[in-house]
**Student:** 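One structure follows; several queries about it will come next.
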Amino acid sequence: MAKAVDVAGLVDRARDGEPRAVARLISLVEQGSSALPEVAAALAPHTGHARVVGITGAPGVGKSTSTNALVRAFRDQGKRVAVVAVDPSSPFSGGALLGDRVRMGDHATDSGVFIRSMATRGHLGGLSWATPQALRVLDAAGFDVILVETVGVGQSEVEIVALADTTLVLLAPGMGDGIQAAKAGILEIADVFVVNKADRDGADQTARDLKYMISLGRRDREGPLWRPPVVKTVAARMEGLDRVVEAIAEHQEWMASHGELEERRLRRAAAEIEAIAVERVRTRFGAVDQLAKRVVSGELDPFAAAEQLISGNLRE
């Protein structure tokens, strides 16, 4: 028999900054606990304050190093920072394979930083299916900035746009990223481009190529338009990170003044509602075979069968 969860107590402790309570709430999310509706209801009044920053890019561009450096930069501003590092799933345990908490050990003793690795569990969008609810937990727990580092699987990780207020796309010189930028459509998802490892040959050319592609790709857009800045960094040495933080702040100000921030958050909430509804319907898919037999026999038409599945009113 499952142990009852003191949701109200957990939420209160998380709001007081207790890391164990925050971790426990995220575990309930990942496990798909039956207490999730109660958790969501308790969290709802306390959400909507955190700035969510997505960090994406191809493997090898230095996402984890950049995330680590950004944590330090935001902490220097006195902000509480949470990191959700979405890693590939272990084929043995199903858990996060790389474990960014190990790679971000610099912040292990900082009470103003919370780091959580989450496994994709086979989800193809570069994020875990549980990520949106985990962000709600961290938002309600009072973190000022939430950094979401995606798994780094290439062209499929565009889902970060649906979750982040500001999306950073990282590139590095000498990796063919100019071609990848056009191919993967990252001109459409980036709010800030970061050319990391800028001490390498070709960094200036990569930055120039990006600026040129931005100018080509956005000429036909109507209305107010944010022009993504291109920032060069050497994250391992904390070079250029102040400018990245400035670019994030500038993007937030631009969105707030043009109504874009509210639009993004409305789209995020709509996508979250849809995902929960789809998951609820998916749990009923065991009844599909039974309904299919009735359709084949002519007892039921496909539209009526679909309606029964959606409504949950499965009649014999």
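The basis for the numbers below is simple: all heavy atoms, side chains too, and nothing from hydrogens, waters or symmetry mates.
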**Student:** What are the two closest heavy atoms between Gly57 and Lys63, and how far apart are they?
**Tutor:**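 Nearest pair, atom of Gly57 first, then Lys63: O-NZ, 3.1 Å.
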
**Student:** Distance check, rounded to the nearest 0.5 Å: Thr206 atom OG1 versus Lys197 atom NZ?
**Tutor:**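 The OG1 atom of Thr206 sits 12.0 Å away from the NZ atom of Lys197.
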
**Student:** With rounding to the nearest 0.5 angstrom, report the OG1 to CG distance, Thr47 to Leu138.
**Tutor:**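 It is 12.0 Å, given to the nearest 0.5 Å.
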
**Student:** Group every Ile, Leu, Val, Met, Phe, Trp and Tyr by side-chain heavy-atom contacts under 4.5 Å, then state whether Leu300 and Ile310 land in the same group.
**Tutor:**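 Unlinked, Leu300 and Ile310 end up in two clusters.
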
**Student:** Would you indicate whether the side-chain heavy atoms of Arg80 and Val145 approach each other to under 4.5 Å?
**Tutor:**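 No. Closest side-chain heavy atoms not under 4.5 Å.
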
**Student:** Membership question, hydrophobic clusters at under 4.5 Å side-chain separation (ILVMFWY): are Val7 and Ile276 in the same one?
**Tutor:**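 Not linked; separate clusters.
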
**Student:** Where do Asn196 and Ala235 come nearest, in terms of heavy atoms and distance?
**Tutor:**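 Distance-wise, the nearest heavy atoms are OD1-N, 3.0 Å.
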
**Student:** Any side-chain heavy atom of Thr167 sitting closer than 4.5 Å to one from Thr56?
**Tutor:**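 When only atoms from C-beta onward are counted, Thr56 and Thr167 do touch, with a gap below 4.5 Å.
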
**Student:** If every non-hydrogen atom of Ala42 is compared with every non-hydrogen atom of Val11, which pair is closest and at what distance?
**Tutor:**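 So the two residues come closest at CB-CG2, 3.8 Å.
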
**Student:** Rounded to the nearest 0.5 Å, what separation is found between the CD atom of Glu299 and the CG atom of Leu291?
**Tutor:**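 The CG atom of Leu291 is 10.0 Å from CD of Glu299, to the nearest 0.5 Å.
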
**Student:** Applying side-chain contact (heavy atoms from CB on, under 4.5 Å) between Val231 and each of Leu168, Val192, Asp242, report the one that passes.
**Tutor:**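 When side-chain contact (heavy atoms from CB on, under 4.5 Å) is applied between Val231 and each of Leu168, Val192, Asp242, only Val192 qualifies.
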
**Student:** Given the rule that I, L, V, M, F, W and Y join up when any side-chain heavy atoms are under 4.5 Å apart, are Met238 and Val234 in one cluster?
**Tutor:**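 No.
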
**Student:** Contact between Leu10 and Leu28 at the side-chain level, heavy atoms closer than 4.5 Å - yes or no?
**Tutor:**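 The answer is yes; the side chains approach within 4.5 Å.
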
**Student:** Could you walk me through whether Glu272 and Arg268 satisfy the salt bridge (Lys or Arg N to Asp or Glu O under 4.0 Å) test, starting with their C-alpha distance in whole Å, then the side-chain angles of each, then the deciding distance to 0.1 Å, before giving a yes or no?
**Tutor:** CA-CA 6 Å; Glu272 192 175 354; Arg268 183 190 310 170; over 6 Å; no

**Student:** Would Thr166 and Gln252 count as having a side-chain donor-acceptor pair, cut-off 3.5 Å?
**Tutor:**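 Looking only at side-chain atoms, Gln252 and Thr166 do form a donor-acceptor pair, the distance falling under 3.5 Å.
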
**Student:** Can a donor-acceptor pair be found between the side chains of Arg116 and Ser27 at a distance below 3.5 Å?
**Tutor:**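 Present: a donor and an acceptor within the cut-off.
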
**Student:** Output yes when Glu246 and Arg243 qualify as a salt bridge under the 4.0 Å nitrogen-oxygen rule, no when they do not.
**Tutor:**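 The answer is yes: the pair qualifies as a salt bridge.
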
**Student:** Show the nearest heavy-atom pair for residues Arg264 and Asp165, with the distance to one decimal.
**Tutor:**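 Heavy-atom minimum between the residues: NH1-O, 2.8 Å.
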
**Student:** Rounded at 0.5 Å granularity, tell me how far CD in Glu18 sits from CG in Asp12.
**Tutor:**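 One gets 11.0 Å once the value is rounded to the nearest 0.5 Å.
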
**Student:** Just by modelled atom types, is the Lys79 backbone N or O under 3.5 Å from a matching donor or acceptor in the Arg75 side chain?
**Tutor:**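 Judged by distance alone, yes, a pair lies under 3.5 Å.
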
**Student:** Treat each ILVMFWY residue as a node, draw an edge where side-chain heavy atoms are under 4.5 Å apart, and state whether Val195 and Ile214 are in one component.
**Tutor:**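 Yes; tracing contacts between hydrophobic side chains, which count when under 4.5 Å, links both residues.
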
**Student:** Could you tell me the separation between the CE atom of Met255 and the CD atom of Glu263, rounded to the nearest 0.5 Å?
**Tutor:**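 Answer for the CE-CD pair, Met255 versus Glu263, is 12.0 Å.
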
**Student:** Over all heavy atoms of both residues, which pair between Trp226 and Trp254 is shortest? Give the atoms and the distance, please.
**Tutor:**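 Here Trp226 and Trp254 meet closest at N-CZ2, 3.4 Å.
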
**Student:** Is the CG atom of Asp201 crowded by more than 12 outside heavy atoms at less than 6.0 Å?
**Tutor:**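 Counting neighbours around CG of Asp201, 12 or fewer heavy atoms of other residues, nucleotides or ligands fall under 6.0 Å, so no.
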
**Student:** Using 0.5 Å steps for rounding, measure from the CE atom of Met213 to the CZ atom of Phe193.
**Tutor:**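 It is 7.5 Å, given to the nearest 0.5 Å.
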
**Student:** If only atom types and distance count, is the side chain of Arg51 paired as donor or acceptor with the main-chain N or O of Asp144 below 3.5 Å?
**Tutor:**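 No, because the side chain of Arg51 does not come within donor-acceptor range (under 3.5 Å) of the backbone of Asp144.
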
**Student:** When you look at Gln133 and Arg136, which way does the side-chain hydrogen bond (donor to acceptor under 3.5 Å, both in side chains) test go after all the steps?
**Tutor:** CA-CA 5 Å; Gln133 294 302 319; Arg136 283 189 171 276; 4.6 Å; no

**Student:** Using every non-hydrogen atom in the two residues, find where Ala50 and Arg265 come nearest and quote the distance to one decimal.
**Tutor:**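 In terms of heavy atoms, the two residues are closest at O-NH2, 3.0 Å.
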
